[in-house]
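For reference, the structure is listed below as structure tokens.
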Amino acid sequence: REDLPTYTLEEVLQHTTMEKRIWVTYGQGVYDITDFIPQHPGGSEKISMAAGSSVEPFWMLYGVHKNPNVLAILEKYRIGNLSPAEAAEATANMEDPYARDPIRHPALKPSSKKPFNAEPPPTLLTESFVTPVDLFYVRNHLPVPEISENDYKLEIHFQGKDYSFSLDDLKTKFEQVTVTATVMCAGNRRGEMTEIKPVKGLNWGHAAIGNATWSGPRLSDILRYIGVKENDPSIQHIQFEGLDHDVSNVPYGASIPFNKAIDPKGDVVLAYEMNGEVLSKDHGFPIRAVVPGTVGARNVKWLGRIIVSDVESDSHWQQNDYKGFNPSVDWDTVDFSKSPAIQELPVISAICSPDSGSVVKLNSNSSLNMKGYAWSGGGRRIVRVDVTADSGKTWHSANITAQDSSKEPHHWGWSLWSIDLPIPQGVREVELWAKAVDSAYNTQPETFANIWNLRGVLGNAYHRIRVQVAS
Ligand code: HEM
Ligand code: MTE
């Protein structure tokens with residue numbers, strides 16, 4: 001790298017437009033990233049914010065960049081160096097935006113610490129129907145915002161007017177309900193998809209999912225209270241904004257279809273309690289939108305604003321992320337405007353016990369106890385979980401050991417299952433598969449090969465693990 005020219009910060013600052021080319025710095029390196037901008041997975045607008053300066057303050061906020069993959073991409077665009085003194089100056093006075101994040105339970109295994117993203121050991125998931133708050137996976141895109149209960153206000157924008165509700169209003173003006181709902185990240189099980197081909201995204205295992213009870217007023221009641229009419233054709237989407245925001249004050253945002261929001265049976269809740277406890281900082285204190293049956297990304301935490309609208313949220317996470325594509329679409333050909341934003345999730349299941357790769361002891365009748373979860377979006381009930389120990393020659397249906405008692409199609413919580421599966425005599429290694437069937441008779445695809453997508457979402461192929469049989 002010494003063979004490259006040395007530039008000054010002043011020179012870098014001249015390069016902030018596509019015509020003059022866009023330069024950025026990282027450490028001592030100077031990079032011309034003009035050609036990478038259209039391919040940036042975080043969008044061309046975001047990356048352009050660093051034009052003419054250091055990417056580091058932004059990367060402190062978006063910790064996904066602190067990995068060798070991203071640095072390897074950046075190195076391809078290196079054109080020169082800063083002097084050591086100027087490199088130090090470029091990042092002076094940087095404060096860690098994550099310094100005030102809460103302390104987490106050490107059992108949560110982080111795939112990224114800043115922002116904090118972590119899942120519990122999968123074997124714990126099947127121990128209780130309701131996942132303990134401290135062991136519930138966390139998926140944050142930004143630092144956890146600090147919000148005081150007394151100052152908190154929920155703003156709602158509807159037909160040119162703004163309405164405001166205090167926490168007390170939300171707790172006292174409306175009927176309070178408790179809904180059992182599973183929340184799952186669209187990237188749950190992404191790790192298995194990356195075995196086919198790498199994807200851009202956090203490497204989740206199969207525990208980016210949890211089941212909880214959520215209490216608070218129904219969104220549909222609040223919307224009706226401010227005069228929203230169920231059959232108003234001008235309303236198509238309900239947008240949510242979080243109080244977590246990036247360096248340019250852009251909040252986390254998402255939207256859901258109006259029909260889901262206004263339907264009292266859609267059970268969308270503005271929750272201030274999770275499992276009967278005050279909502280924790282990581283899960284959205286003081287208010288979070290819980291949208292049962294819908295992908296985690298739309299369950300907006302630290303809810304600050306609701307917009308009643310004819311259009312979807314224009315947020316990066318609604319428009320340019322959390323969408324599916326065909327397996328041949330890559331970062332050169334992807335057009336995010338061509339795919340709908342994920343809302344209801346497809347049917348999924350996973351084996352939580354035994355652990356993949358473990359050594360297992362068989363029961364005296366040569367069977368093996370297996371446990372797992374199964375869930376489907378849209379309130380569809382799990383009607384069956386099929387498992388096999390011989391690659392599908394013989395399938396056995398597991399016992400559903402826990403399921404919420406709601407009626408079809410409002411089955412928002414997951415199902416837990418268990419089976420003593422017969423294992424062929426004498427085998428030393430066995431591959432176990434599981435697949436679930438929901439009440440619409442949707443089932444899971446056999447392999448990840450044909451559902452691979454560049455963002456690594458919707459990974460619901462049969463779950464397959466290998467275990468060694470103890471002699
Ligand atoms: C995501 C590369 C600059 C904001 C990503 C990802 C890559 C990448 C590879 C996908 C990571 C993953 O999900 O695993 C780069 C490179 C940059 C750059 C090579 C060089 C200049 C920036 C800047 C910003 C930014 C300056 C912000 C101002 C984001 C955001 C995401 C992202 C918001 C999406 C994060 C998420 O899904 O939560 N970037 N980036 N990037 N980037 Fe960048
Ligand atoms: N809401 C806000 N305000 N900010 C976020 O980063 N992440 C979303 C969603 N709501 C997010 C958010 C995503 S992608 C998921 S999967 C869920 O929250 C995770 O919820 P949890 O952390 O409570 O498990």
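Basis for what follows: all heavy atoms, side chains included, without hydrogens, waters or symmetry-related copies. Both counts, for ligands and for their atoms, begin at 1 and track the order of listing. In this text, all values refer to a predicted model and were calculated from it rather than measured experimentally.
Not a single heavy atom of E241 sits under 4.0 Å from any atom of ligand 2.
Both tests hold for K260 against W412: distance to the six-membered ring centre under 6.0 Å, angle to the ring axis within 45°. Remark: K46 is not positioned above the aromatic ring of W59, lacking an NZ or CZ atom under 6.0 angstrom from the ring centre and at most 45 degrees off the axis. R104 forms a cation-pi arrangement with F116, by the criterion of a distance under 6.0 Å to the ring centre and an angle within 45° of the ring axis.
Paired with Y163 under the rule side chain to side chain contact (heavy atoms under 4.5 Å, CB included), one option of D169, I222, L154, I226 passes, and it is I226. Of the candidates Y7, Y31, F36, Y77, Y7 is the only one forming a ring-ring contact (aromatic ring centres under 6.0 Å, His included) with W23.
Of all the heavy atoms of I47, the ones lying under 4.0 Å from any atom of ligand 1 are found in both the backbone and the side chain. Counting heavy atoms under 4.0 Å from ligand 1, residue Y31 does not touch it at all. The part of D321 lying near ligand 1 is the side chain, judged by heavy-atom distances below 4.0 Å. Here F36 has side-chain heavy atoms under 4.0 Å from ligand 1, and that is the only part of it that gets that close. With a 4.0 Å heavy-atom cut-off, ligand 2 is reached by the side chain of R288 but not by its N, CA, C or O. Residue R455 touches ligand 1 through its side chain alone, judged by heavy-atom distances below 4.0 Å.
Counting the atoms of ligand 1 from 1 in the order shown, those under 4.0 Å from a heavy atom of V55 are 21 (C). Applying the 4.0 Å criterion to heavy atoms of N140 picks out, from ligand 2, the atoms 6 (O). Contact atoms of ligand 2 toward N299: 9 (C), 10 (N), 18 (O) (distance under 4.0 Å to a heavy atom of the residue). Atom numbering of ligand 2 starts at 1 in the shown order; those under 4.0 Å from a heavy atom of C185 are 16 (S). Counting the atoms of ligand 2 from 1 in the order shown, those under 4.0 Å from a heavy atom of F136 are 24 (O). Heavy-atom proximity to L74, at under 4.0 Å, picks out these atoms of ligand 1: 20 (C).
Heavy-atom proximity to atom 3 (C) of ligand 1, evaluated over F58, W23, W59, is greatest for W59. Between atom 24 (O) of ligand 2 and the options Y322, F240, Y137, the minimum heavy-atom separation is to Y137. When P57, G43, P41 are ranked by how near their heavy atoms come to atom 6 (C) of ligand 1, first place goes to P41. Distances from atom 30 (C) of ligand 1 to the heavy atoms of P115, A50, G42 show the closest one on G42.
E273 contributes atom CD, which lies 10.0 Å from atom CD1 of I287 (distance to the nearest 0.5 angstrom). Going from atom CD of E344 over to atom CD1 of I256 covers 11.0 Å, rounded to the nearest 0.5 Å.
Within the 6.0 Å centre-distance limit, the rings of F174 and Y225 are counted as a close aromatic pair.
Where the criterion is an N or O separation shorter than 3.5 Å, residue side chain and backbone included, D244 meets it with respect to ligand 2. For K301, a nitrogen or oxygen atom sits less than 3.5 Å from a nitrogen or oxygen atom of ligand 2, counting backbone and side chain alike.
Below 30°, between 30° and 60°, or above 60°: for H141 and Y252 the angle between ring planes is below 30°, a parallel geometry. Aromatic ring pairs are classed by plane angle as parallel below 30°, tilted from 30° to 60° and perpendicular above 60°; the pair W331 and F336 is tilted. Ring planes of H40 and H65: parallel class, angle under 30° (limits at 30 and 60°).
In this structure, NE2 of H65 and NE2 of H40 enclose an angle of 180° at atom 43 (Fe) of ligand 1, rounded to 10°.
In terms of modelled atom types and a separation under 3.5 Å, the side chain of R190 and the main chain of L202 share a donor-acceptor contact.
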